[in-house]
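What you see is a predicted model, and the numbers here were worked out from it, not measured in a lab.
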Amino acid sequence: MSSERPTANRQTPRLSVNDLTVRFGGLTAVDAVSFEVGHGEVVALIGPNGAGKTTVFNAVCALVRGEGEILLDGAPAPRRTAQLAGRRVARTLQGLGLFAGLSVRENVAVPVAREADAATRVAQQLERLDLAVVADRPVAALAYPDRKRVALARALVTDPRLLLLDEPAGGLGVDDIDGLAETVRVVAEGGCSVLLVEHHVDFVMGVADRIVVLDFGKVIASGTPAEIQGDPRVEEAYLGVQVAS
């Protein structure tokens with residue numbers, strides 16, 4: 001990452017996850033997980049399949065409940081997903097959740113349709129993500145990478161303080177991943193914090209300020225990309241079989 005990235009304000013983290021534990025019946029999917037996301041910081045959750053990263057993400061999104069504490073800007077996080085927008089939290093999910101019968105422009109406008117400056121905000125995001133040329137096409141006619149950019153534009157149009165990304169690089173080619181990485185960096189440089197769950201390790205290493213590694217529901221390592229790559233516990237659990245030599 002560039003040394004010009006602003007230092008996150010850690011006095012009051014944008015997101016604090018403290019001793020989060022989530023159980024499904026007799027299975028402990030997440031076991032006392034703690035981490036923070038500072039202002040303008042990109043934090044990635046990685047780990048092998050079944051490590052618990054999606055469950056942590058869903059808990060932050062208020063899709064599942066657990067024990068422990070989740071704070072947004074120092075205050076308890078909403079317990080309902082519908083309340084996240086009121087706290088300036090936006091998210092994208094693997095399923096995208098786009099309206100196939102609507103145009104790109106109409107999909108991006110959904111969260112801000114009642115705002116007086118909706119048209120301007122939508123236009124800005126369409127331009128930012130190179131979607132202006134397809135703005136009036138039905139989203140169902142777009143290729144998958146373009147639909148993913150529509151979903152991201154719809155999240156960003158709300159001007160979030162915290163952006164939650166669930167496997168944003170999944171299904172993308174090299175050029176699209178590079179473009180996504182640049183967008184995430186620009187978003188963070190503007191002060192928005194980013195928490196992402198991702199399997200594409202090379203993307204994570206290039207975009208994240210800090211990485212939290214989970215295995216069997218527990219944090220086994222946390223640090224900068226350089227620190228994570230040199231951690232033997234991470235290599236054994238995950239990176240050794242995932243990162244190309």
(Q) Walk me through whether L156 and Q124 qualify under side chain to side chain contact (heavy atoms under 4.5 Å, CB included). (A) CA-CA 10 Å; L156 292 175; Q124 289 172 342; over 6 Å; no
**Q.** Cluster check I220, I228: I/L/V/M/F/W/Y, side chain < 4.5 angstrom
**A.** yes
**Q.** Donor-acceptor contact below 3.5 Å, side chain H39 vs main chain T12
**A.** yes
Q | NZ/NE/NH1/NH2 to OD/OE distance under 4.0 Å, R14 and E41 | A | no
Q. For G97 and R154, which heavy atoms make the closest approach, and how far apart are they?
A. O-NH1, 3.1 Å
Q | Least distance between heavy atoms, C61 atom then T81 atom | A | O-OG1, 2.9 Å
Q) How far does CD1 of I177 sit from NE2 of H200, to the nearest 0.5 angstrom? A) 3.5 Å
Q: Hydrophobic side-chain clustering at under 4.5 Å (ILVMFWY, transitive links): who's grouped with L102? Put none if nobody.
A: F99, V110
(Q) Closer than 4.0 angstrom, basic N to acidic O: yes or no for R210 and E36? (A) no
Q: Would you mind listing the cluster partners of L27? Hydrophobic ones only (ILVMFWY), side-chain contacts under 4.5 Å, chaining allowed.
A: none
(Q) To the closest 0.5 Å, what do you measure between CD (E115) and CZ (R121)? (A) 5.5 Å
Q | Path from F24 to F57 over hydrophobic side-chain contacts below 4.5 Å | A | yes
Q: List, by chain and number, the other hydrophobic cluster members for V174, where Ile, Leu, Val, Met, Phe, Trp and Tyr join if side-chain heavy atoms come within less than 4.5 Å, directly or indirectly.
A: none
Q: Please check if L63 and I70 belong to a single hydrophobic cluster, counting links between Ile, Leu, Val, Met, Phe, Trp and Tyr side chain heavy atoms closer than 4.5 Å.
A: no
Q | Whether over 12 other heavy atoms sit under 6.0 Å from E127 CD | A | no
Q: Of all the heavy-atom pairs spanning S193 and V37, show the shortest one and how long it is.
A: CB-CG1, 3.7 Å
Q) With a 4.0 Å cut-off, would you call D166 and R91 a salt bridge? A) no
Q: Examine distances only and state if a side-chain atom of E198 and a backbone atom of A169 form a donor-acceptor pair shorter than 3.5 Å.
A: yes
Q.
Please find the pair of heavy atoms, one from I211 and one from A208, that lie closest to each other, and give the distance.
A. CG1-CB, 3.9 Å
Q. Looking only at heavy atoms, what is the nearest atom pair of L163 and A155, with distance?
A. CD1-CB, 3.9 Å
Q: Apply the side chain to side chain contact (heavy atoms under 4.5 Å, CB included) test between L196 and each candidate in V207, L45, V43, L164; give the one that qualifies.
A: V207
Q.
For V134 and L142: C-alpha separation, side-chain torsions, deciding distance, then whether side chain to side chain contact (heavy atoms under 4.5 Å, CB included) applies.
A. CA-CA 8 Å; V134 296; L142 301 183; 4.1 Å; yes
Q | L180 side chain near L172 side chain, heavy-atom distance below 4.5 Å | A | yes
Q: Indicate, with yes or no, if V186 and V184 share a hydrophobic cluster defined by side-chain heavy-atom contacts under 4.5 Å among Ile, Leu, Val, Met, Phe, Trp and Tyr.
A: no
Q | Polar side-chain atom of R161 near backbone of R88 as donor-acceptor pair, under 3.5 Å | A | no
Q. Are F216 and F35 co-members of a hydrophobic cluster defined by side-chain heavy atoms under 4.5 Å apart?
A. no
Q.
I need the minimum non-hydrogen distance between R185 and G206, along with the two atoms involved.
A. NH2-O, 3.4 Å
**Q.** Sidechain-backbone polar pair: T21 side chain, E67 backbone, donor-acceptor under 3.5 Å
**A.** no
Q. Would you find a donor on one side and an acceptor on the other, under 3.5 Å apart, between the side chain of N18 and the backbone of S34?
A. no
Q | side chain to side chain contact (heavy atoms under 4.5 Å, CB included) partner of L214, chosen from V219, T55, T54 | A | V219
Q: Could you point out which residue of V187, V197, T92 forms a side chain to side chain contact (heavy atoms under 4.5 Å, CB included) with L165?
A: T92
(Q) Taking H199's backbone N and O only, do any of them form a donor-acceptor pair with K53's side chain (distance below 3.5 Å, no angle check)? (A) no
